[in-house]
K.L.:
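My questions will all concern the structure given below.
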Amino acid sequence: MTNSERYFEQSKELIPGGVNSPVRAFGSVSATPVFIERGDGAYLFDVDGNQYIDYVGSWGPLILGHNNPQIFEAIVAAAKKGVSFGAATQSELTMARLLTELTGIEMVRMVNSGTEAVMSALRVARGFTQKDKIIKFEGCYHGHSDSMLTKAGSGALTYSNPDSAGVTKAVARDTLVARYNDIQSVVELFAQNQNEIAAIIVEPVAANMGVVLPSLEFLKTLRTLCDENNCLLIFDEVITGFRLGIGGAQAFFGVQADLVTYGKIIGAGMPVGAYGGRRDIMACVSPVGAVYQAGTLSGNPVAMAAGITQLTILREHPEIYTHIETLCTTLADGLRSIIKEYNIEATVANIGSLCCLFLGKERYTKFFKGMLARGIYLAPSQYEALFIGFAHTAEDIEKTITSAKACLEEIK
Ligand code: PLP
């Protein structure tokens, strides 16, 4: 028995499924989770002494890799001054300046996770418009708040329960579900729910059902439909924010949302989220307005220090984006040529530094296990993206392509 297997057996006695977030259980790839001891740059090291090239990157935030020295120093320096005050700090102002300058949102509120950011943005949209219903898209994941667990992607899709137990019918009724990239399905919902829809929430690149690129027409028409129907457009940029480029999906596609949600990437791995948008809308938030939203740990100084450092590095070094996008294209093209050579029915999607090889569940299980055995750590779910970071090297990508070729040869 490996150390990971032993720890997993013990964890299952004390933690549901042995994990603190479902996808980590490796259930959908019929494997035992690897217990991680430490990370360094592009690599993970497990409790059994194995080393992996990491393409999960804590599910996105570690765009500069594990243990980036500048981020680490900023965390230590902040922690030395105290880890939490529950009071206003200058670092929150610095973070708000950065976020508004980089993304074009006018005001922002810090929270502690992407889930919280989305939940709060939806409440603000309802408070502002005085309407109840929200349109989301099938397969898009927006965290685990009640109203967003209808036809959700990611872990919910992985475990075939996109609709969660424990969500009341009343809440589910206010969540309308349309199809991604299908404007007609949105138009129909507007027709059926006239003057009732507060907001459309969308992942500008759907990254929780594989990686699905939006058509520009789709995003632009969502903008128009929102304007015509007096409803708000919410971009959930938990994955795309500061990853598709420093201005996120809004800048990448040239479509301005009314509210935007951000998550883990602005904390560089510390627990963080944020939502923001137009000044008149954000003026609804307590203590100025009537929409209540709060958090003891929101704007936590250690998390702010980490996030400010990461965002500042990204802003000052645009070549980071060039590097990670080039690596991602090389990886995607390499995978494409392998599936072509072996005549495997599969799809490779990539945009920016996000990539996905969609093989279907059974073949992905074999692929995942083969890659893990070769020292490549992929998400234990077919529906997740590979995240390329600045710490990855051309050699890492080369090794990954070679390993993928060996794995795909076995399952072709
Ligand atoms: N929104 C999107 C697009 C996500 O991908 C995620 C999580 O990956 C969330 C929201 C929820 O974020 P968190 O897990 O920090 O609550």
Side-chain angles (χ1 to χ4, degrees), residues 19-25 55-63 103 109-123 125 134-159 162 164 175 180 199-214 219 233-244 248-250 252-253 257 259-276 293 295 297-298 300 303 306-307 310 351-356 379-387:
V19 289
N20 282 313
S21 196
V23 152
R24 288 181 208 167
Y55 287 102
V56 178
S58 188
W59 306 93
L62 303 182
I63 197 161
T103 67
R109 176 59 74 77
M110 299 307 301
V111 292
N112 302 293
S113 69
T115 295
E116 229 186 293
V118 168
M119 181 185 75
S120 309
L122 295 177
R123 189 180 304 141
I134 305 288
I135 294 180
K136 80 176 283 288
F137 294 91
E138 191 167 346
C140 282
Y141 181 66
H142 301 291
H144 65 95
S145 66
D146 283 4
S147 73
M148 290 293 101
L149 283 180
T150 304
K151 300 262 183 277
S154 190
L157 196 57
T158 304
Y159 288 103
S164 171
T175 305
Y180 199 77
I200 298 178
I201 183 162
V202 64
E203 282 184 76
V205 170
N208 286 286
M209 51 171 168
V211 172
V212 180
L213 275 48
L219 294 180
L233 180 61
I234 306 176
F235 271 7
D236 181 349
E237 295 229 42
V238 167
I239 298 295
T240 53
F242 310 100
R243 181 163 280 281
L244 284 193
Q250 290 198 106
F252 192 92
F253 296 110
L259 286 171
V260 187
T261 56
Y262 298 103
K264 38 201 158 184
I265 199 161
I266 53 174
M270 299 293 290
V272 174
Y275 67 97
Q293 183 272 311
L297 297 175
S298 297
N300 172 273
Q310 173 149 286
I351 182 167
S353 53
L354 296 170
C355 178
C356 180
S381 161
Q382 171 65 104
Y383 300 105
E384 306 285 349
L386 281 86
F387 295 95

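Read the numbers this way: they start at 1 and go in the same order the structure lists the ligands and their atoms. Along the sequence shown, residues carry numbers from 1. As a basis for the values below, the full set of heavy atoms in this structure was taken, side chains included, without hydrogen atoms, waters or symmetry mates.
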K.L.:
Please list, in number order, the atoms of ligand 1 under 4.0 Å from a heavy atom of Glu203.
P.N.:
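Taking each heavy atom of Glu203 in turn, ligand 1 has 3 (C) under 4.0 Å.
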
K.L.:
Going through the checks in order, is the side-chain contact (heavy atoms from CB on, under 4.5 Å) test met by His142 and Leu122?
P.N.:
CA-CA 11 Å; His142 301 291; Leu122 295 177; over 6 Å; no

K.L.:
Distance under 4.0 Å to a non-hydrogen atom of Asn208: what atoms of ligand 1 satisfy this?
P.N.:
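With Asn208 as reference, the close atoms of ligand 1 come out as 3 (C), 4 (C), 5 (O).
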
K.L.:
Under the side chain to side chain contact (heavy atoms under 4.5 Å, CB included) test against Lys136, which residue among Ile200, Thr175, Val118 passes?
P.N.:
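One option only clears the test, and that one is Thr175.
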
K.L.:
State whether the shortest distance between N or O atoms of Asp236 and N or O atoms of ligand 1 falls below 3.5 angstrom.
P.N.:
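So ligand 1 has an N or O lying under 3.5 Å from an N or O of Asp236.
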
K.L.:
Find all atoms of ligand 1 within a distance of less than 4.0 Å from any non-hydrogen atom belonging to Ser113, and give their numbers and elements.
P.N.:
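Counting from 1, the qualifying ligand atoms are 15 (O), 16 (O).
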
K.L.:
State the atoms of ligand 1, each with its element, that fall below the 4.0 Å cut-off from a heavy-atom position in Thr115.
P.N.:
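Those qualifying, in numeric order: 11 (C), 12 (O), 13 (P), 16 (O).
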
K.L.:
What residue among Leu219, Thr240, Val212 forms side chain to side chain contact (heavy atoms under 4.5 Å, CB included) with Val205?
P.N.:
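That would be Thr240; it is the only one of Leu219, Thr240, Val212 passing the side chain to side chain contact (heavy atoms under 4.5 Å, CB included) with Val205.
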
K.L.:
Counting only heavy atoms, which portion of His142 has something under 4.0 Å from ligand 1: side chain, backbone, both, or neither?
P.N.:
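Near ligand 1, His142 shows its backbone, while the atoms from C-beta on stay back.
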
K.L.:
Taking only heavy atoms of Gly143, which atoms of ligand 1 are found under 4.0 Å from at least one of them?
P.N.:
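Every atom of ligand 1 under 4.0 Å from some heavy atom of Gly143: 9 (C), 10 (C), 11 (C).
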
K.L.:
side-chain hydrogen bond (donor to acceptor under 3.5 Å, both in side chains) with Thr103: which residues, sequence neighbours excluded?
P.N.:
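Per chain and number, Thr103 pairs via side-chain hydrogen bond (donor to acceptor under 3.5 Å, both in side chains) with no residue.
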
K.L.:
Give the minimum heavy-atom separation between Gly269 and Leu62, together with the two atoms involved.
P.N.:
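What the structure gives for the nearest pair is CA-CD2, 4.0 Å.
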
K.L.:
Do the ring planes of Tyr262 and Phe242 sit parallel (below 30°), tilted (30 to 60°) or perpendicular (above 60°)?
P.N.:
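The rings of Tyr262 and Phe242 sit tilted, inter-plane angle from 30° to 60°.
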
K.L.:
Quick one: list whatever passes side-chain hydrogen bond (donor to acceptor under 3.5 Å, both in side chains) with Gln250, sequence neighbours left out.
P.N.:
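Gln250 satisfies side-chain hydrogen bond (donor to acceptor under 3.5 Å, both in side chains) with no other residue.
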
K.L.:
Going by distance only, is there an N or O of Lys264 that falls short of 3.5 Å from an N or O of ligand 1?
P.N.:
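In this structure, Lys264 places an N or O atom under 3.5 Å from an N or O of ligand 1.
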
K.L.:
Measuring from non-hydrogen atoms of Trp59 to any atom of ligand 1, is the shortest distance under 4.0 Å?
P.N.:
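Per 4.0 Å heavy-atom rule, Trp59 does not contact ligand 1.
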
K.L.:
N/O to N/O below 3.5 Å, does that happen between Gly114 and ligand 1?
P.N.:
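Yes; at least one N/O pair falls below 3.5 Å.
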
K.L.:
Using a 4.5 Å cut-off on heavy atoms from C-beta on, say whether the side chain of Glu237 contacts that of Ile265.
P.N.:
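Sidechains of Glu237 and Ile265: no contact.
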
K.L.:
Heavy atom under 4.0 Å from ligand 1: found in Thr261's side chain, backbone, both, or neither?
P.N.:
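Near ligand 1, Thr261 shows nothing, with every heavy atom at 4.0 Å or more.
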
